Amino acid sequence: MTGMTAHDVEHADIRSAVGEICRGFGDPYWRAVDQAKRYPVEFVDALTKAGWLAALIPEEYGGSGLGVGEASVVLEEIQRQGGNAAACHAQMYVMGTLLRHGSEEQKRMYLPRIASGELRLQAFGVTEPTAGSETTRIQTMAVRHGDRYIVNGQKIWTSRFLQSDLMLLLARTTPYDELDDKTKGLSVFLVDIKVAGDAIEARPIDTMINHNTNELFIRDLAIPAQNLIGQEGMGFRYILDGWNAERILIGAECIGDARWFIERAVAYAKRRIVFGRAIGQNQGVALPLARAHANTEAADLMRWKAARLFDAGTSCGPEANMAKLLASEASWEAANVCLDTHGGFGFATEYDVERKFRETRLYTVAPINNNLVLAYVAQHVLGLPKSY
Amino acid sequence: MKLLVCVKQVPDSTVRVKVAGDQKAIVPEGVTWAISPYDEYAIELALEHKDANPGTTVGVITVGPPRARDALRQALAMGCDDATLVTGADVETLGGLATARALAKVVDEVTPDLVLCGKQASDDDQGFVGQALAETLGWPHVAIVTKFVASDGGTEIWKEVEGGHEVWKASGPAVLTVQKSQKDPRYPSLPGIMKAKKKEIPEKDLASLGADLGGPSVEIRAMEPPPARKAGRVMKDGDPKALAAELAKLLRDEARVL
């Protein structure tokens with residue numbers, strides 16, 4: 001450990017312990033759940049039991065109180081070992097809105113049970129069919145009647161709804177036209193999915209990856225007023241707060257993916273003999289791998305810059321967004337290079353490259369499209385006129 | 001109940017070990033070390049008892065070089081309460097009997113109700129230390145154990161036998177050597193890792209224990225890696241029918257699998 005800081009040692013501990021769990025769920029496991037489009041419940045259970053998904057919950061509420069930097073190492077390691085953390089990463093960070101803006105009573109009631117895994121809070125109903133990235137235009141309406149709100153509307157791309165006990169829901173509490181400040185008028189609610197019953201109809205959306213996502217139809221859903229998180233009308237601000245953490249964590253997953261692609265490609269390029277020599281000896285194979293590696297390392301620097309700012313409580317919007325942008329581009333580049341290196345074999349499911357290829361493609365689009373990251377940087381960092 | 005689990009740090013089962021130049025040891029460089037798998041089952045058995053009986057304490061001990069501290073740290077992260085490292089000069093070449101005698105000295109001091117060991121270590125597969133420890137202590141020993149429960153005035157111990165199990169009973173302290181059981185050893189948890197980092201692991205000097213480290217021992221005279229596998233034969237040119245007949249002949253006469 002010579003030359004390592006105490007912080008590095010801790011990261012090594014995290015990598016080693018998470019890696020040990022991941023080795024119990026190797027390529028055949030992920031291939032099988034992918035082919036069956038099945039939720040990787042055994043993997044998620046193992047991760048939950050060992051406390052990894054409660055990493056960000058403070059110790060006083062039953063978690064381990066780690067920073068986003070450390071939590072990002074957990075997700076990076078899962079991807080690096082060939083797994084798919086998207087199945088459960090939200091259990092780590094969706095609770096952040098509750099933690100930062102919920103009342104003490106709400107936190108005491110829910111966080112310890114989320115930390116133990118008894119309650120799964122890994123769905124957040126935000127996006128709507130008619131208001132993609134323009135969140136302030138959402139139409140799902142929550143109207144207060146006495147001590148409860150009645151909600152009607154529709155959500156789309158609500159991931160892991162069927163694998164959750166609780167969901168955070170963003171709904172309009174003031175009509176758009178009545179607002180001077182269009183960023184207000186939205187509120188966040190904690191929804192108990194079992195209690196909601198038939199008031200929420202979930203229709204799973206079949207996608208090109210094994211990702212459990214849904215369209216939700218909400219009809220006369222009654223939510224007790226005590227389940228409002230923070231102040232009415234401030235919901236958009238609250239979810240913005242959570243986005244930076246999400247960007248950093250997803251960025252780390254991309255770094256893990258990129259490293260998986262490069263390691264697999266390098267190993268294959270060394271052992272695949274064509275025309276009497278390893279294909280990795282050909283610069284047409286080697287140089288794209290070297291470039292993918294360099295871009296991954298560069299993106300990782302931005303990921304760590306963002307994570308350190310976040311954990312120091314410093315504003316990090318530009319860095320968190322750029323980390324997600326650069327890391328998702330690096331993982332997509334590495335995915336393509338890995339597929340090219342494998343040639344036809346890259347398309348064979350037994351090599352796992354095509355599965356990871358499909359999975360990592362998601363991150364240039366979600367949770368935010370990279371074009372919107374660029375628009376944000378152009379406007380908020382460079383001071384250019386708003387483009388939309 | 002006070003439980004003490006004896007563990008050995010061995011090369012991880014996924015590591016490809018290399019034989020050193022003198023052919024008497026393996027090359028330690030590049031080896032990932034781990035708790036021997038049967039010892040992990042012993043830890044799991046002890047921790048399950050602790051889960052069901054909150055008053056239970058689980059200590060863990062190893063006789064080994066300083067790197068074996070990592071194995072103890074791992075056991076603490078799984079949920080063991082305390083750990084002890086016995087180390088000193090020549091500890092890596094210590095024989096099984098001397099190891100058992102050193103462990104017995106610590107057992108005398110700790111006075112556990114039960115001592116658990118894996119039934120054998122995955123490096124030398126001798127299956128010796130647990131039984132030698134029982135003999136040194138003058139305690140009864142039960143082998144191939146998959147379960148134990150405290151009962152009136154003692155411990156009921158499940159011992160695996162072909163097609164089933166026997167239930168033995170120990171009225172006092174005993175040494176159990178543990179078999180693989182249905183429940184896999186738990187992963188170290190994040191809170192466990194954080195707690196384990198804060199715990200001190202006291203070190204005992206092997207030479208100062210007062211154990212007789214001499215006596216009969218075994219010496220490794222030579223080690224050799226398994227022979228390299230011969231390359232397979234590919235049959236692809238020719239009439240499929242003739243190839244099939246040739247293959248059947250080879251499988252029968254050469255490979256002798258038919």
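No experiment lies behind these values; they were computed from the predicted model shown. First the proteins, then the strands, lettered A, B, ... as listed; each starts at 1.
- More than 12 heavy atoms of other residues, nucleotides or ligands lie within 6.0 Å of CG in B:D239, so this atom counts as buried by the packing criterion.
- Between atom CG of residue B:D70 and atom OG of residue A:S16 there is a gap of 9.0 Å, rounded to the nearest 0.5 Å.
- For A:K49, the NZ atom counts as loosely surrounded, since its 6.0 Å shell holds 12 or fewer non-hydrogen atoms of other residues, nucleotides or ligands.
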Kindly determine whether A:L66 and B:L190 satisfy side-chain contact (heavy atoms from CB on, under 4.5 Å), including the steps that lead there.
CA-CA 10 Å; A:L66 298 188; B:L190 173 56; 3.9 Å; yes
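- Between A:A50 and B:Y187 the shortest heavy-atom distance is CB-CB, 4.5 Å.
- With values rounded to the nearest 0.5 angstrom, A:E20 atom CD is found 5.0 Å from B:Q74 atom CD.
- Within a 6.0 Å radius of CD in A:E104, more than 12 heavy atoms belonging to other residues, nucleotides or ligands are found.
- By the neighbour-count criterion of 12 heavy atoms within 6.0 Å, atom NE2 of A:H293 is sparsely surrounded, having that number or fewer from other residues, nucleotides or ligands.
- Counting heavy-atom neighbours within 6.0 Å of B:E200 CD, excluding the residue itself, gives a total of 12 or less.
- With rounding to the nearest 0.5 angstrom, the CZ atom of B:R186 is 13.0 Å from the CD1 atom of A:I21.
- Closest approach of A:G51 to B:P191, counting heavy atoms only: CA-CD, 4.3 Å.
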